Participant: 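Would you mind keeping the following structure in view while I ask a few things?
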Amino acid sequence: MKKRYLVTAALPYANGPLHIGHLAGAYLPADIYVRYLRLMGRDVVFVCGSDEHGAAITVKARKEGTTPQAIVDQYHTVLKDTFEKIGIGFDIYHRTSAPIHHQTSQDFFRKLLDKGAFLEETTEQYFDEIAGQFLADRYIVGTCPVCANPEAYGDQCEKCGSALSPTDLINPKSMLSGSVPVKRPTKHWFLRLDQHEAWLREWINTGVADGKKLHNPADWKNHVLGQCNSWLDQGLQPRAMTRDLDWGVDVPQEIPGSEGKKLYVWLDAPIGYISATKQWALDNGKDWEPYWKSDDTALVHFIGKDNIVFHCLIFPAILKAHGDFILPCNVPANQFLNLEGRKLSTSKNWAVWVHEYCADFPGQEDVLRYNMIKKMPEQSDSEFTWKGFQETNNNELVNNLANFVNRVLVLSHKYYAGIVPAIDHDQDFKSGWETDKTGSYDQELSLLYGKLREMGTEIERFNFREALRVVMEISSAGNALLQFNEPWKTVKDEPEMVKVVLNLALQYVAVLSVAIRPFLPFSADRLRKMLNLGLLRDKGDLLAILNELVEGNPIMLPNHALGQSEHLFSRISDEVIEAQIAKLGASEPASAPAAEPTEIQYAPMKETIQFDDFAKMDIRTGKILTAEKMEKSKKLLKLSVDLGFETRTILSGIAEHFSPEEVVGKQVVVLANLAPRPMMGVESQGMILMAENEQGALSFVSPADGWPSGFGVR
RNA sequence: GGCGCGAUAGCUCAGCUGGUUAGAGCGUGCGAUUCAUAAUCGCAAGGUCGCGAGUUCAAGUCUCGCUCGCGCUACCA
């Protein structure tokens with residue numbers, strides 16, 4: 001057993017709110033694991049924070065006409081608040097825009113540089129002086145040196161298929177500003193992943209690094225190992241760790257060539273775990289280093305399956321290259337959660353947003369947690385449905401768990417005025433664990449002990465669904481205990497037996513008040529109050545009751561006065577569920593509960609044009625006749641469009657938003673005199689005009705029904 | 001296109017290194033019961049383990065091919 005634990009949950013990207021897929025994938029399993037470790041008295045730090053850098057945030061800011069800082073400030077607040085409400089108990093929720101993080105990342109970069117971990121490469125790249133930035137290959141157009149096509153891209157000519165580099169182009173132009181880009185030398189630092197391939201392969205597959213056995217690969221999930229080996233088998237390539245961007249952590253200024261350079265977000269983000277730990281240590285008067293540098297620390301990363309290679313290969317390579325840091329002992333990545341038969345989709349608003357759930361179901365945070373655990377995508381993708389949510393709540397939480405607690409407390413108040421009865425240990429009764437079996441008090445306590453251990457084993461193996469099932473078995477056995485012994489019948493004739501049964505049932509409830517804590521923290525607190533037991537300190541409480549149980553001692557002593565019973569969970573009605581289902585996919589995209597009142601951010605106006613500019617465009621009405629998916633392409637649909645006087649073939653990048661069937665027959669508006677462009681071997685003869693909102697959702701722009709095709713739009 | 005993971009009862013999912021009648025929870029049917037939020041307990045029915053070959057005395061479990069879903073990557077906006 002390790003001496004201490006450092007547990008991380010994937011840093012959520014600060015450009016949107018949290019949905020149930022995030023919760024079930026990373027945060028809830030991490031939270032359960034950590035709460036359990038705390039209950040067992042282990043030394044554990046649980047860190048997370050907002051990932052606030054990267055091009056996507058810049059793009060979003062530009063789209064909404066605001067600054068990157070405003071975007072990240074807004075979502076950082078939202079995320080932090082949501083985690084608190086749903087009971088994810090981070091020791092710290094940090095952010096990568098914090099100065100301590102910038103320093104930590106830069107120190108890391110310097111150390112890697114000193115150690116020779118980087119390959120430096122200076123290349124001449126095109127720079128747009130008006131836009132003030134280096135241009136990705138794709139953002140440069142010019143004449144193809146091979147076939148003289150005037151619209152070749154910086155990486156490839158679509159017409160003749162030649163692979164190009166931007167400097168091959170004749171008369172290059174920037175697609176951002178239209179200006180002529182100039183060549184400037186730019187230096188980037190590449191992590192020599194190729195040099196790490198050998199030890200990574202051994203470490204992933206045997207758990208051995210530097211001759212030391214660090215973990216057992218059999219404990220890692222199949223899909224995690226599979227994904228890693230898939231990468232290793234293809235050969236690791238040096239990977240750029242810097243970017244020409246204006247939003248992010250600066251490459252340390254004293255390094256030559258650092259001007260205008262930022263750290264690649266995937267270097268910066270995982271270091272966020274470290275800087276968060278540092279900040280936590282500062283806030284709490286602790287030393288952060290043992291948590292990251294000591295062999296007797298277990299480092300565990302909770303993530304979704306899309307992050308596997310970064311956490312299992314690239315970040316470990318970075319840690320190893322640095323030299324002082326330990327490697328993760330497991331990365332229990334989960335798969336994805338689907339919703340009502342479909343993938344979660346932010347742009348289609350096909351999601352359950354956690355902050356909206358908390359607003360719609362106040363005081364029922366644990367119901368969502370319970371459902372997420374039941375449906376946790378531990379080995380394969382899984383599915384959440386609102387109907388299932390309702391059934392689970394009503395059948396398992398209300399009927400089984402809450403009802404058990406309630407009937408025990410009601411009976412105790414009725415027969416013993418709410419005082420735990422003293423008992424004769426030698427009394428026989430019927431065990432709740434098996435039909436027609438005589439139980440003894442000591443045996444039952446030992447069975448409870450066994451169940452708690454079983455729960456713990458499953459949690460330590462990251463089998464959270466199974467662990468929850470074990471806990472619910474305790475509640476079921478408690479119900480059976482009452483059912484088999486029927487105290488409401490036997491209390492007159494066999495009062496001593498009934499005392500034992502109810503005393504024992506109370507021990508079941510007391511055990512549950514601790515056992516449900518990792519899964520249902522809010523309910524655990526409520527239950528403790530009902531039992532008048534005092535809130536859990538999350539410091540070895542479970543270990544303490546295990547020690548009592550193994551000695552054959554009860555958790556609640558005779559003469560302890562119970563509190564008042566209240567309903568731990570309530571039924572959820574059909575109407576409530578129907579309302580939630582109706583919300584799904586509603587045209588209103590998820591509105592972030594902004595720190596300030598929400599204000600829709602519109603894209604800034606483009607520069608003024610003259611009527612002549614407009615008149616050059618030949619825009620016409622049309623109708624989609626046929627549609628099919630383009631082979632090998634995710635985004636393109638191949639459409640044939642009737643323009644009245646002729647039929648055009650048009651490729652449109654809408655395949656992720658519309659199926660071919662649903663667009664056939666649509667009336668559309670077409671930019672008809674756009675120069676034809678070949679894409680994926682097919683020439684596109686025009687462009688379908690679409691409306692796009694700030695979430696990226698698309699809508700056709702159409703004339704009135706039945707409007708004839710081929711006529712002008714002006 | 002390349003690679004990875006998944007496909008098991010009506011639903012949601014377990015099944016480790018191949019071995020007797022394939023499991024759980026929920027739902028369904030029947031019975032018992034009333035302390036409890038019409039809750040609980042017992043019993044039962046339900047599966048040619050995605051499709052097709054193969055290896056083996058023996059395959060849900062191994063090999064190959066195929067189909068579908070998801071992810072990574074390439075390509076494409």
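Within every chain, numbering begins at 1; the chains are lettered A, B, ... in the order of the sequence lines, protein sequences first and strands thereafter. Just so you know, these numbers come straight off a predicted model, no measurement behind them. Below, each value reflects all heavy atoms present in this structure, side chains not excepted, and no hydrogens, waters or symmetry copies.
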Participant: Base, sugar-phosphate, or nothing for A:Leu344, non-hydrogen atoms under 4.0 angstrom?
Facilitator: nothing
Participant: Counting the atoms with a prime plus P, OP1 and OP2 as sugar-phosphate, which does A:Glu378 contact under 4.0 Å by heavy atoms, base, sugar-phosphate, or nothing?
Facilitator: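 Answer is nothing: A:Glu378 stays at 4.0 Å or more from every strand.
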Participant: I want to verify a distance call: between B:U37, B:A14, B:U40, whose nearest atom is closest to the A:Gln483 side chain?
Facilitator: B:U40
Participant: Of the nucleotides B:C35, B:U37, B:G25, which has the atom closest to the A:Lys374 side chain?
Facilitator: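 Of all the options, the side chain of A:Lys374 is nearest to B:G25.
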Participant: Verify the neighbour count for atom CG of A:Asp233: are there more than 12 heavy atoms of other residues, nucleotides or ligands below 6.0 Å?
Facilitator: yes
Participant: Got a donor-acceptor pair under 3.5 Å from the side chain of A:Asn406 to the base of B:A36?
Facilitator: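 There is none.
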Participant: For A:Asn394 and B:G27, what is the distance between atoms CG and P respectively, to the nearest whole Å?
Facilitator: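 Roughly 10 Å, once rounded to whole Å.
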Participant: Which nucleotide in the list B:C5, B:U37, B:U12 gets nearest to the side chain of A:Arg465?
Facilitator: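 Between B:C5, B:U37, B:U12, the one nearest the side chain of A:Arg465 would be B:U12.
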Participant: Just call it for A:Glu466: base, sugar-phosphate, or nothing, with non-hydrogen atoms closer than 4.0 Å on any strand.
Facilitator: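 It contacts nothing in the nucleic acid.
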Participant: Looking just at side-chain N and O atoms, do A:Thr438 and A:Asp428 make a donor-acceptor pair shorter than 3.5 Å?
Facilitator: no
Participant: With a 3.5 Å cut-off and no angle check, do the side chains of A:Asn479 and A:Arg407 form a donor-acceptor pair?
Facilitator: yes
Participant: Determine which pairs satisfy ring-ring contact (aromatic ring centres under 6.0 Å, His included) with at least one residue from residues 395-418 of chain A, sequence neighbours left out, and list them in order.
Facilitator: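 Found none.
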Participant: Could you measure between the two C1' atoms, the one in B:A59 and the one in B:C16, and give it in whole Å?
Facilitator: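 Comparing C1' positions in B:A59 and B:C16 gives a spacing of 16 Å.
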Participant: Rounded to the nearest Å, what distance is computed from the CG atom of residue A:Asn399 to the C1' atom of nucleotide B:A38?
Facilitator: 9 Å
Participant: Could you tell me whether A:Phe569 contacts a base, only the sugar-phosphate backbone, or nothing, with contacts defined as non-hydrogen atoms closer than 4.0 Å?
Facilitator: base
Participant: Give the dot-bracket line for RNA chain B from 5' end to 3' end: parentheses for intra-strand Watson-Crick or G-U pairs under 3.5 Å, square brackets for crossings, | for inter-strand pairing, dots for unpaired.
Facilitator: (((((((..((((.....[...)))).(((((.......))))).....(((((..]....))))))))))))....
Participant: So, is A:Lys343 near the phosphate of B:G71, with a side-chain N or O under 4.0 Å from OP1 or OP2?
Facilitator: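 Answer yes for this pair, as a side-chain N or O of A:Lys343 is under 4.0 Å from OP1 or OP2.
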Participant: Using side-chain hydrogen bond (donor to acceptor under 3.5 Å, both in side chains) as the criterion, point out the one residue from A:Glu378, A:His223, A:Gln379 that pairs with A:Gln335.
Facilitator: A:His223
